[in-house]
Novice: 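Take a look at the following structure, please.
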Amino acid sequence: MCGRYASSRRPEDLVEEFEVDQPMLETALEPDYNVAPTKDVYAVLERPPKGEERPTAERQLRVLQWGLVPSWAKDPSIGNRMINARAETVAEKPAYKRAFAKRRCLLPADGYFEWYPTEQLTKAGKPRKQPFFIRPKDQGILAMAGLYEIWRDPTRDEDDPHRFRWTCTVITTDAEDDLGHIHDRMPMMVERERWADWLDPTVEAGDLLGLLAPAAPGRLEAFPVSTLVSNVRNNGPELVEPLPLEGEA
């Protein structure tokens with residue numbers, strides 16, 4: 001699964017990187033080196049502009065909450081356990097099927113975290129887990145495949161600007177060989193040349209499965225980082241710094 005990631009890019013950099021037509025932001029998010037479920041995150045998506053008879057999709061940068069709440073959900077707390085959607089079943093499961101067909105997004109990240117069970121044991125006798133940070137070797141941006149939904153809050157008035165909740169989930173797949181020893185799942189990446197097709201809401205769902213492919217072997221690197229990242233209250237660039245190798249000062 002993908003349960004934590006880092007996202008420190010400025011919105012103006014994301015607008016340029018993803019060729020965004022319209023930033024739909026009230027305020028910019030602070031750099032976050034310990035993004036966890038239920039937090040607000042940046043997402044790139046395409047929506048038809050309002051008021052046009054024949055709308056052309058407009059690429060937007062928005063802030064969404066991580067944890068997908070389907071439009072039919074009665075309770076938004078369902079989003080707390082819908083942070084990931086498996087690529088193998090995303091086109092079929094009722095919770096994700098409609099979003100996969102029309103509401104796809106890209107979730108920009110510096111990289112993501114996974115925890116590897118070591119041979120050392122905790123006081124409780126369980127394997128001590130070592131966090132790893134996984135990022136592109138060139139330290140470029142990671143465009144994770146995601147879905148988004150818009151949930152109408154029935155407790156809010158019709159004229160309440162916050163009556164709609166925008167939420168998202170990360171699509172995951174089998175980890176590629178270089179990373180499988182750390183964890184067997186990883187976020188699905190969308191290559192730059194496939195961004196347009198992935199975001200286009202007019203592309204048929206049946207044509208999208210070919211866009212879902214694990215990252216090419218050798219493109220990502222993984223290194224151990226401080227266990228401080230295990231506590232979501234910790235946040236800062238030190239969380240993504242490699243631990244010194246044994247013998248180094």
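The figures that follow rest on heavy atoms only: side chains count, while hydrogens, waters and symmetry mates do not.
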Novice: Identify the residue among Arg192, Arg9, Arg59 that makes a salt bridge (charged side-chain N to carboxylate O under 4.0 Å, His left out) with Glu17.
Specialist: Arg192
Novice: Atom CD in Gln130, atom OH in Tyr116: separation rounded to 0.5 Å?
Specialist: 10.5 Å
Novice: Between Asp32 and Lys39, which heavy-atom pair has the shortest distance, and what is it?
Specialist: OD2-NZ, 3.0 Å
Novice: Testing Lys137, Gln139, Arg135 for side chain to side chain donor-acceptor pair (under 3.5 Å) with Glu221, which one passes?
Specialist: Arg135
Novice: Would you say the side chain of Tyr112 lies within less than 4.5 Å of the side chain of Leu142, judging by non-hydrogen atoms?
Specialist: yes
Novice: Verify salt bridge (Lys or Arg N to Asp or Glu O under 4.0 Å) between Arg156 and Asp153, making sure each step is shown before the conclusion.
Specialist: CA-CA 6 Å; Arg156 293 182 179 271; Asp153 188 342; 3.5 Å; yes
Novice: Any carboxylate oxygen within less than 4.0 angstrom of a Lys/Arg side-chain nitrogen, looking at Arg10 and Asp13?
Specialist: yes
Novice: Determine, using the 4.5 Å side-chain heavy-atom cutoff (strictly less than), whether Ile171 and Val69 are members of one ILVMFWY cluster.
Specialist: yes
Novice: Would you please test Arg219 and Glu191 for salt bridge (Lys or Arg N to Asp or Glu O under 4.0 Å) and show each step?
Specialist: CA-CA 11 Å; Arg219 184 191 164 196; Glu191 299 297 337; 3.2 Å; yes
Novice: Given side chains that start at C-beta, do those of Asp174 and Asp184 come closer than 4.5 Å, heavy atoms only?
Specialist: no
Novice: Could you report the tightest heavy-atom contact between Leu107 and Gly146, atom names first, then the distance?
Specialist: CD1-CA, 4.3 Å
Novice: Would you check if Arg128 and Thr227 make a side-chain contact, meaning some heavy-atom pair closer than 4.5 Å?
Specialist: no
Novice: So does Gly3 get a backbone contact from the side chain of Glu114, meaning a donor-acceptor N/O pair under 3.5 Å?
Specialist: no
Novice: Thr202: what forms a side-chain hydrogen bond (donor to acceptor under 3.5 Å, both in side chains) with it, not counting sequence neighbours?
Specialist: Asp200
Novice: Hey, what do you get for SG (Cys168) to CZ (Arg104), rounding to the nearest 0.5 Å?
Specialist: 15.5 Å
Novice: Assess the residue pair Lys93 and Lys97 against the criterion (side chain to side chain contact (heavy atoms under 4.5 Å, CB included)); give the C-alpha distance rounded to whole Å, side-chain angles, the decisive distance to 0.1 Å, and a yes or no.
Specialist: CA-CA 6 Å; Lys93 283 203 168 185; Lys97 184 176 181 180; over 6 Å; no
Novice: Tell me, with the steps shown, if Trp195 and Phe18 meet side chain to side chain contact (heavy atoms under 4.5 Å, CB included).
Specialist: CA-CA 9 Å; Trp195 289 355; Phe18 289 93; 3.4 Å; yes
Novice: Where is the tightest heavy-atom contact between Glu46 and Ala57, given as atom of each residue plus distance?
Specialist: OE1-CB, 3.6 Å
Novice: Taking the six-membered ring for Trp and the single ring otherwise, decide whether the centroids of Trp66 and Tyr148 are under 6.0 Å apart.
Specialist: no
Novice: Side-chain heavy atoms under 4.5 angstrom apart, residues restricted to Ile, Leu, Val, Met, Phe, Trp, Tyr: same cluster for Val240 and Phe223?
Specialist: yes
Novice: Would you kindly confirm whether Met82 and Trp166 end up in one hydrophobic cluster when ILVMFWY residues are joined by side chain heavy atoms under 4.5 Å apart?
Specialist: no
Novice: Decide whether Asn234 and Asn34 meet the rule of one side-chain donor and one side-chain acceptor closer than 3.5 Å.
Specialist: no
Novice: Provide the full list of ring pair (Phe, Tyr, Trp, His ring centres under 6.0 Å) pairs with a residue in residues 73-94, sequence neighbours left out, each pair given once.
Specialist: none
Novice: Give, for atom OH of Tyr33 and atom CZ of Phe133, the distance between the pair rounded to the nearest 0.5 Å.
Specialist: 9.5 Å
Novice: Does Val225 form a side chain to side chain contact (heavy atoms under 4.5 Å, CB included) with Leu239? I'd like the steps, not just the answer.
Specialist: CA-CA 6 Å; Val225 292; Leu239 299 184; over 6 Å; no
Novice: Going by heavy atoms in the side chains, are Val41 and Val63 under 4.5 Å from each other?
Specialist: no
Novice: If you measure from the Lys or Arg side-chain nitrogens to the Asp or Glu carboxylate oxygens, is any gap between Glu92 and Arg86 under 4.0 Å?
Specialist: no
Novice: Surrounding CD of Glu30 (heavy atoms of other residues, nucleotides or ligands, distance under 6.0 Å), is the total greater than 12?
Specialist: no
Novice: Run Asp110 and Ser8 through side-chain hydrogen bond (donor to acceptor under 3.5 Å, both in side chains) and show every step you take.
Specialist: CA-CA 7 Å; Asp110 305 338; Ser8 67; 2.7 Å; yes
Novice: Show every salt bridge (charged side-chain N to carboxylate O under 4.0 Å, His left out) that has at least one partner inside residues 68-83, sequence neighbours left out.
Specialist: none
Novice: Asp138: what forms a side-chain hydrogen bond (donor to acceptor under 3.5 Å, both in side chains) with it, not counting sequence neighbours?
Specialist: none
Novice: Suppose we screen for side chain to side chain contact (heavy atoms under 4.5 Å, CB included). Which residues come up paired with Glu158, at least two apart in sequence or across chains?
Specialist: Arg152, Arg163
Novice: Answer whether the closest heavy-atom distance between the side chains of Glu58 and Arg47 falls below 4.5 Å.
Specialist: no
Novice: Specify the closest pair of heavy atoms between Tyr42 and Pro108, including all atoms of both residues, with the distance to one decimal.
Specialist: O-CD, 3.3 Å
Novice: Checking side-chain polar atoms at under 3.5 Å, does Arg185 have a donor or acceptor matched by the opposite partner on Thr172?
Specialist: yes
Novice: Taking the six-membered ring for Trp, are Trp115 and Phe132 ring centroids under 6.0 Å apart?
Specialist: no
Novice: Taking Ile141 as the starting point, is it possible to reach Leu64 by hopping between hydrophobic residues whose side chains are less than 4.5 Å apart?
Specialist: no
Novice: Is the closest side-chain heavy-atom distance between Arg103 and Arg98 below 4.5 Å?
Specialist: yes
Novice: For atom CD of Gln22, decide whether the heavy atoms of other residues, nucleotides or ligands shown that lie under 6.0 angstrom number more than 12.
Specialist: yes
Novice: Would you check if the side chain of Tyr96 reaches a backbone N or O of Asn84 as a donor-acceptor pair within less than 3.5 Å?
Specialist: yes
Novice: Would you say that Pro136 contacts Leu220 through its side chain, given a criterion of any heavy-atom pair below 4.5 Å between the two side chains?
Specialist: yes
Novice: Under a 4.0 Å N-O cut-off, is there an ion pair linking Lys129 with Glu119?
Specialist: no
Novice: Are Met186 and Met189 close enough that some pair of their side-chain heavy atoms sits under 4.5 Å apart?
Specialist: yes
Novice: Evaluate side chain to side chain contact (heavy atoms under 4.5 Å, CB included) for Thr169 paired with Glu149, printing each intermediate quantity in order.
Specialist: CA-CA 9 Å; Thr169 189; Glu149 276 283 14; over 6 Å; no
Novice: Once you round to the nearest 0.5 Å, how far does CG of Leu199 lie from SG of Cys105?
Specialist: 8.0 Å
Novice: Compare every heavy atom of Leu29 with every heavy atom of Asp40, then report the nearest pair and how far apart it is.
Specialist: O-CD1, 3.7 Å
Novice: If you group Ile, Leu, Val, Met, Phe, Trp and Tyr by side-chain heavy-atom gaps below 4.5 Å, do Leu45 and Phe100 land in one group?
Specialist: no
Novice: Between Leu25 and Leu61, what is the shortest heavy-atom contact and its length?
Specialist: CD2-O, 3.6 Å
Novice: Just jot down the side-chain hydrogen bond (donor to acceptor under 3.5 Å, both in side chains) partners of Gln65, sequence neighbours excluded, or say none.
Specialist: none
